[in-house]
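Report on the structure given below.
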Number of protein chains: 2
Amino acid sequence: MNKPKVHEIIDSLFPNLDKPTKGTILQNADYLKCAKGTKFISEGRKHHYFYLLLSGGVKSYYLKDSKEVCLWFAFENEFIATIKTFEGEHSNETIVFLEDSSLIRFKTESIKELALTHLSISQWIIKLITEHAVFLEERLFGLQFLSSKERYHALIKVAPEILQKVSLTDIASFLGVSRETLSRIRAQI
Amino acid sequence: MNKPKVHEIIDSLFPNLDKPTKGTILQNADYLKCAKGTKFISEGRKHHYFYLLLSGGVKSYYLKDSKEVCLWFAFENEFIATIKTFEGEHSNETIVFLEDSSLIRFKTESIKELALTHLSISQWIIKLITEHAVFLEERLFGLQFLSSKERYHALIKVAPEILQKVSLTDIASFLGVSRETLSRIRAQI
DNA sequence: ATAATTATGTGACATTTGTCAAATGGAATT
DNA sequence: AATTCCATTTGACAAATGTCACATAATTAT
């Protein structure tokens, strides 16, 4: 599973793409495997790639008082990128692989350049950022409108598989509560 | 201040735009004035426009237990749109003018169509959505990492003018605290 | 299998915040 | 100027959540 696989995926992402453009994308994309525990975007470091996660899972976190606070999780067939990294700013965000994973890595700068001259790439980026913004709006809604209990139940309703894949401690920080509180919310059911 | 003004603004948004495309944009944009108190995107209603606020100010809110909870504020030279309305989904969000305001209204569907064939428009949309996503990420960071006190002080540091323009009650709901709590945070300084 | 390590659960208590009620202050109206 | 109306402040108390300590369960290593 390497080069040919990337070809296929690019094809499915861009059904009617002309050969030279596809060539340029392939030049700026490669296939990667990452073992569980690998850290990706380190705190304070600039980052030059975004990713499509083919298999496996990751979590993203900031450090707060030297404790991890999770911002998001991603699993099969999800894109991994944050606006800050996409904008070329420092991320302050660390990404860790929760399982052995495989992914396609895109060179952000090159893809953005390509978007300046190729409509299909621009449209693709619009789609990616829009999806990210929808995710952010929903999460914001949860934090502003729902109680801890409601946020927890909303999460396991929308993404029940997360309970198998992510530790309670990480889910708690993601939901914005202490792990003890989340443990008690669970016990109450 | 009407048609010619719109021309100028479109010119400044798109410095090198060809005449026919500019014509199409102008056909799908118009100048509006709104009196203080006007409500714009009503709960549960589909919405077909996004806006550039030229002067004045607005707040956006959801209703929670029949109380207003503010999601954002916007003032001069800011764009007004939410991803959901941009995607043509129901908004459930109400926008109210805090002052007499003037704005340019863009027909979302037409601009999005134009983006399918015009790179400059696509790039414009990328810029708009990216800015929105940055705003959402920062707000999310505040809600997840900062205490009420810290969120309040961060807000008046980043946007001190908001204290003059928005009521304490609205700021409180925006920050995710009761107005009594915000009042006490203020008293503590 | 056993020990060691890590994750989760539980109790006791402190802190923060929400809620209700009433008081104060300021702005608008008559 | 007096009155009304609305926003903000303050007090008293309840509810939710955080924190620390420790118990228990689950996982990993030896």
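Here the structure is a predicted model, which means the values were calculated and not measured. Just so we're on the same page: letters track the sequence lines, and every chain starts at 1.
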Compare all side-chain heavy atoms of B:Leu32 with those of B:Ile104 and state whether any distance is below 4.5 angstrom. no

Before accepting this row, confirm whether a basic side-chain N of the pair A:Lys36/A:Asp100 lies closer than 4.0 Å to the acidic partner's carboxylate O. no

To the nearest Å, how far apart are A:Arg179 CZ and D:dA21 C1'? 12 Å

Any side-chain donor paired with an acceptor under 3.5 Å for B:Ser55 and B:Glu76? no

In whole Å, what is the span from the CZ atom of A:Arg186 to the P atom of D:dT17? 17 Å

Does A:Arg184 place a side-chain N or O at less than 4.0 Å from the phosphate oxygens OP1/OP2 of D:dT17? no

Where does the chain A footprint on DNA chain C start and end, counting 5' to 3' with a 4.0 Å heavy-atom cut-off? C:dT8 to C:dA12

Under a 3.5 Å cutoff, is there a donor and acceptor pairing between the side chains of B:Thr181 and B:Ser178? yes

Upstream residue (5' side of DNA chain D) when A:Glu180 and A:Ser148 are each assigned their closest nucleotide: A:Ser148

Does the ring-ring contact (aromatic ring centres under 6.0 Å, His included) test come out yes or no for A:Phe40 and A:Tyr49, once each step is laid out? CA-CA 10 Å; A:Phe40 239 41; A:Tyr49 303 94; 8.6 Å; no

Rounded to whole Å, the CG-C1' distance (A:Leu182 to D:dT19) equals 16 Å

If you apply the rule ring-ring contact (aromatic ring centres under 6.0 Å, His included), what do you find for A:Phe135 with A:Trp72, and how did you get there? CA-CA 10 Å; A:Phe135 165 78; A:Trp72 46 264; 7.8 Å; no

For A:His48 and A:Thr108, which I'm curious about, is there any donor-acceptor pair between the side chains at under 3.5 Å? no

Within residues 166-174 of chain A, which residues have any heavy atom lying less than 4.0 Å from an atom of DNA chain D? none

Taking side-chain contact (heavy atoms from CB on, under 4.5 Å) as the definition, give me every residue that meets it alongside B:Lys59, ordered by chain and number, with sequence neighbours left out. B:Tyr61, B:Glu68, B:Cys70, B:Phe73, B:Val96, B:Leu98, B:Asp170

